[in-house]
Amino acid sequence: MRVDIITCLPEILKGPLDESIPGRARAKGLLDVHIHDLRDYAEGKHRQVDDYPFGGGAGMVLKPEPIFRCLEDISSEGDPIDEVVFMTPDGEVLDQPMANTLSLQKRLVLLAGHYKGVDQRVRDRLVTKEISIGDYVLSGGELAAMVLVDALARLLPGVLGDSSSALTDSFQDGLLDAPAYTRPAEFRGDAVPEVLTSGNHKRIDTWRDEQRITKTRERRPELLEHRDTQSD
Ligand code: 6GU
C-alpha cells in the first residue's frame, strides 16, 4: 500500500512512521509512505499556505492553490489514487470495519487539516472521504493521520508476525479482549486465574469468551447491541 500525506507540519509525522508496526511494514516494503510539505507548493516570498477566512471569524484557513498543486503533482506518478482522505473532526468516525475496508486499497492520500480548516473547494473538488478519529478536537490532522496509518499498517498481509493476530484483536469481532497474564504465575500475592495454567484449551477458550462478553457488557454495552443487530 502507498500512502501520501499532505501536511504543513511534516516533522510531526517522521518519528512515529519509523517505529513500531508502521516502521516494520515500511522496512518490509509492504507500506510506502510519502510525506509532502504543503509549503513546498506555496507561492510567493512568504510561501503562504493559509489565509484569513472570508466573512471574518477566528483562525486561518488553508488556501486551495497549494493543495491542488500538490495533489496534481502526487497523481502524476504511481498507481491511480483510490481515496483522497481529509482528516477532520467533522468526518465519519474511524472504526475497525472502516480500517479493514481501507486496508484493501492500493493507494491513499491523507490531507491533514490545520488551523480553522481548509477552503471548502478542496473538500468539494478533491476530497473523496472525510475521517475523524473520535469526538474530541485535536490541533491538527497529523496525529489523526498517524492513527489511521497505524490502524491500516497492522492489517496489511505479512506485517504482523503471527498472521492471525490482527483478526483476534479487540473489535475485530465486536468484543473487547479478555485479560492477559504472563509469568510469574504468582506476583506479590496475586495469582494468575487457575484456568489459564490448566493446559485445558477448551476451558481456556470458554473462560476467555465469558470474560470478553462480561467486560464488553460492563464497559461498552452498545457494542453488544450493535453486534446483535448486525448478526440478525
Ligand atoms: Cl481527523 N482532526 C482534528 N483536527 N481533530 C480531530 C480529528 C481529526 N479526529 C478527532 N479529532
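Side-chain atoms are counted along with the backbone in the values below, which use heavy atoms only and exclude waters and symmetry mates. For ligands, and for the atoms within them, numbers begin at 1 and follow the listed sequence. Residues: numbered from 1 along the sequence shown. Keep in mind it's a predicted model, so treat the numbers as computed, not measured.
Looking only at side-chain heavy atoms (C-beta outward), R219 and L176 come within less than 4.5 Å of each other. Residues R123 and V118 have side chains in contact (heavy-atom distance under 4.5 Å, counting atoms from C-beta outward).
Salt bridge R47/D40: absent, no basic N to carboxylate O contact under 4.0 Å.
The shortest heavy-atom contact between P22 and L31 is O-CD2, 4.1 Å. Closest of all the heavy-atom pairs between M87 and L148 is SD-CD2, 4.0 Å.
Remark: ligand 1 atoms within the under-4.0 Å shell around heavy atoms of A144 are 1 (Cl), 8 (C). Atom numbering of ligand 1 starts at 1 in the shown order; those under 4.0 Å from a heavy atom of I131 are 1 (Cl).
Atom 9 (N) of ligand 1 has as its closest protein heavy atom I133 N, 2.9 Å. Among protein heavy atoms, atom 4 (N) of ligand 1 sits closest to L138 O, 3.1 Å. At the top of the distance list for atom 3 (C) of ligand 1, counting protein heavy atoms only, stands P89 CD, 3.4 Å. Annotation: atom 10 (C) of ligand 1 to nearest protein heavy atom, G134 O, 3.0 Å. Summary of contacts: the protein heavy atom closest to atom 1 (Cl) of ligand 1 is T88 N, 3.0 Å.
Counting heavy atoms under 4.0 Å from ligand 1, residue D135 does not touch it at all. In S132, the parts holding a heavy atom less than 4.0 Å from any atom of ligand 1 are both the side chain and the backbone.
Atom CD1 in I131 sits 12.5 Å away from atom CG in D90 (nearest 0.5 Å).
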Original post:
For L175 and L223, what are the C-alpha separation, side-chain angles and deciding distance, and is it a side-chain contact (heavy atoms from CB on, under 4.5 Å)?
Top reply: CA-CA 7 Å; L175 293 177; L223 292 179; over 6 Å; no
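Of the possible polar contacts, none joining the D82 side chain to the Q105 backbone as a donor-acceptor pair under 3.5 Å is found.
Using a non-hydrogen distance threshold of 4.0 Å, G140 registers as a contact of ligand 1.
Checked by distance only, ligand 1 and Y136 come closer than 3.5 Å through their nitrogen or oxygen atoms. Residue contacts with ligand 1: V137 is placed with no nitrogen or oxygen under 3.5 Å of a nitrogen or oxygen of the ligand (distance criterion only).
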